[in-house]
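See below for the structure under consideration.
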Amino acid sequence: MAGRIASAPPSGGRVCVVGAGFMGCVIATLYARHGYDVVICDSQAAMLESYAERARPIAASFSDDSTEVEAMVNRVATVSSLKDAVAGAFMVHEAVQEVLETKQAVFEELDRLCPPDVVLASNTSSFLISDIAERVSSRERVLGIHYITPGHIIPVIEIIHSSFTPPELIDWARAFIHSIDHVGVACPERPGFLINKIQFAMLTEIYRLVDEGLASRDDIDAAVRLSLGPRLALWGPLLTEDLIVSKKTALAVTDSLYEQTGDENYKGRKALRDLVERGDLGLMTGRGWYAFEGDRSETIMERDRQLTALFDWLREANAVDRLKVE
């Protein structure tokens, strides 16, 4: 990183959050909870004045102790001047409205105000980092650190990098995210990044099912909630595939769907075909996307124990009924 950015984020240093709206409020409170000295900045005085009131419920999700809640909230200083807010910060995290021109203007100003050893991060959910940093001279210190709502509860954070992002900055971001007990997942800038690309691949197909009248709202949600959802929550899509189906079967299904529909999205991909050709079919052969070191039958028993325990918990939680929806 041109020898500028520190190899690791400082413990308990100062972080500036630009934008005191919903996400900025969440991000600032989360950073304060993990011992960082936080300054939140916004051009609207009302947003700064209401920060503490909006932050208390977020802080209360971390602690039942009212004293600790107030300590978290009080660790965040509200400042209207961007120049004053960024002073002494090792990272500035932008969380302003999702308007490209607004973000570009903020980053142009941050580039002018902040020394070159300050990391500039964006919480953008849609724009390319290269577009946001268009007016930034020191682009090598810019990347995306994107929270998934609700950011203080969902533990995964996307690290969005561009062609000008050095690998060391991605490692730096992983270390910072680890310091707040979250998990960083890195992906290059592409429309939808990583999580939305996966999420909307499924949702687009669901919208089509609804449009075509092939399944009801309740049946679609039940199908996902009581089949795909629990397995994905436990293991993710690729480990789930390893645990439950042969790669030969997975490839045969994708080929069949492609032949029947002509939809290129169903066409078997090279990564899957390569696994089949190597004979890495998943748990049944001891290797698929993952390598399995334990006894196969014991792994199957542990798989089933985990899934049974989760379904038992889901039945007891009665989550849908408790939301009181119709």
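Bear in mind the structure is a predicted one, so any value in this text is a computation, not a measurement. When a residue number appears, it is its place in the shown sequence, counting from 1.
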Minimum heavy-atom distance between [X] and [Y], given as atom pair plus value:
| X | Y | value |
| --- | --- | --- |
| Thr29 | Ala55 | OG1-CB, 3.4 Å |
| Val79 | Ala85 | CG1-N, 3.9 Å |
| Ile160 | Glu158 | CD1-CB, 3.6 Å |
| Ile145 | His93 | O-NE2, 2.9 Å |
| Ile40 | Gly24 | CD1-O, 3.7 Å |
| Val73 | Arg56 | CG2-CG, 4.0 Å |

Atom [atom1] of [X] and atom [atom2] of [Y]: how far apart are they, to the nearest 0.5 Å?
| X | Y | atom1 | atom2 | result |
| --- | --- | --- | --- | --- |
| Lys103 | Arg135 | NZ | CZ | 13.5 Å |
| Phe62 | Leu30 | CZ | CG | 5.0 Å |
| Asp37 | Cys16 | CG | SG | 11.0 Å |
| Ile129 | Glu134 | CD1 | CD | 13.0 Å |
| Glu98 | Asn123 | CD | CG | 8.0 Å |
| Ile180 | Ile27 | CD1 | CD1 | 8.5 Å |

Do the side chains of Asp255 and Arg273 get close enough for a salt bridge, i.e. N-O under 4.0 angstrom?
yes

Salt-bridge criterion met for Asp312 and Arg315 (N-O under 4.0 Å):
yes

Polar side-chain atom of [X] near backbone of [Y] as donor-acceptor pair, under 3.5 Å:
| X | Y | result |
| --- | --- | --- |
| Thr204 | Ala201 | no |
| Thr240 | Arg231 | yes |
| Ser63 | Ala60 | no |
| Asp42 | Met47 | no |
| Ser50 | Ala46 | yes |
| Thr149 | Gly151 | no |

Is it the case that atom [atom1] in [X] sees more than 12 heavy atoms from other parts of the structure closer than 6.0 Å?
| X | atom1 | result |
| --- | --- | --- |
| Arg303 | CZ | yes |
| Arg322 | CZ | no |
| Asp295 | CG | yes |
| Glu212 | CD | yes |

[Y] and [X], any side-chain heavy atoms less than 4.5 Å apart:
| X | Y | value |
| --- | --- | --- |
| Lys247 | Glu241 | yes |
| Phe311 | Leu226 | yes |
| Leu281 | Lys248 | yes |
| Val119 | Leu143 | yes |
| Arg54 | Phe22 | no |
| Arg141 | Asp111 | yes |
| Met72 | Arg75 | no |
| Asp181 | Pro155 | no |

Got a sec, which residues hit ring-ring contact (aromatic ring centres under 6.0 Å, His included) with Phe107, two or more places apart in sequence or on another chain?
none

Would you please test Arg33 and Glu68 for salt bridge (charged side-chain N to carboxylate O under 4.0 Å, His left out) and show each step?
CA-CA 9 Å; Arg33 189 246 176 167; Glu68 290 182 4; over 6 Å; no

As a quick check of understanding, evaluate side chain to side chain contact (heavy atoms under 4.5 Å, CB included) for Arg296 and Met284, giving each step before the final call.
CA-CA 7 Å; Arg296 180 188 173 200; Met284 65 182 299; 4.1 Å; yes

Positive for side-chain contact (heavy atoms from CB on, under 4.5 Å) with Cys41, one of Val17, Leu82, Leu48:
Leu82

Stepwise, does the salt bridge (charged side-chain N to carboxylate O under 4.0 Å, His left out) test hold for Asp274 with Lys270?
CA-CA 6 Å; Asp274 287 348; Lys270 182 179 183 299; 2.7 Å; yes

[Y] versus [X], side-chain donor and acceptor atoms under 3.5 Å:
| X | Y | answer |
| --- | --- | --- |
| Asp218 | Ser216 | no |
| Gln104 | Glu108 | no |
| Glu140 | Thr165 | no |
| Ser256 | Tyr266 | no |

Verdict with supporting geometry, Trp235 and Leu243, side chain to side chain contact (heavy atoms under 4.5 Å, CB included)
CA-CA 9 Å; Trp235 309 308; Leu243 287 168; 3.6 Å; yes

I'd like to know whether the aromatic ring centres of Phe176 and Tyr31 sit less than 6.0 Å apart in this structure.
yes

Mind running side chain to side chain contact (heavy atoms under 4.5 Å, CB included) on Ser162 and Leu128 for me, showing each step along the way?
CA-CA 8 Å; Ser162 186; Leu128 302 185; over 6 Å; no

Determine the interplanar angle of the Tyr36 and Phe90 rings, folded into 0 to 90°, and report it as parallel if under 30°, tilted if 30 to 60°, perpendicular if over 60°.
tilted

Let's go through Val86 and Val118 carefully: what are the C-alpha distance in whole Å and the side-chain angles of both, what is the deciding distance for side chain to side chain contact (heavy atoms under 4.5 Å, CB included) to 0.1 Å, and is it a yes or a no?
CA-CA 9 Å; Val86 302; Val118 176; over 6 Å; no

Is there a path of hydrophobic side-chain contacts, each under 4.5 Å between heavy atoms, that joins [X] and [Y]?
| X | Y | result |
| --- | --- | --- |
| Phe127 | Phe164 | yes |
| Ile157 | Val185 | no |
| Ile154 | Leu194 | yes |
| Leu120 | Leu169 | no |
| Ile195 | Met23 | no |

Walk me through whether Lys83 and Glu109 qualify under salt bridge (charged side-chain N to carboxylate O under 4.0 Å, His left out).
CA-CA 9 Å; Lys83 180 180 179 180; Glu109 184 70 0; over 6 Å; no

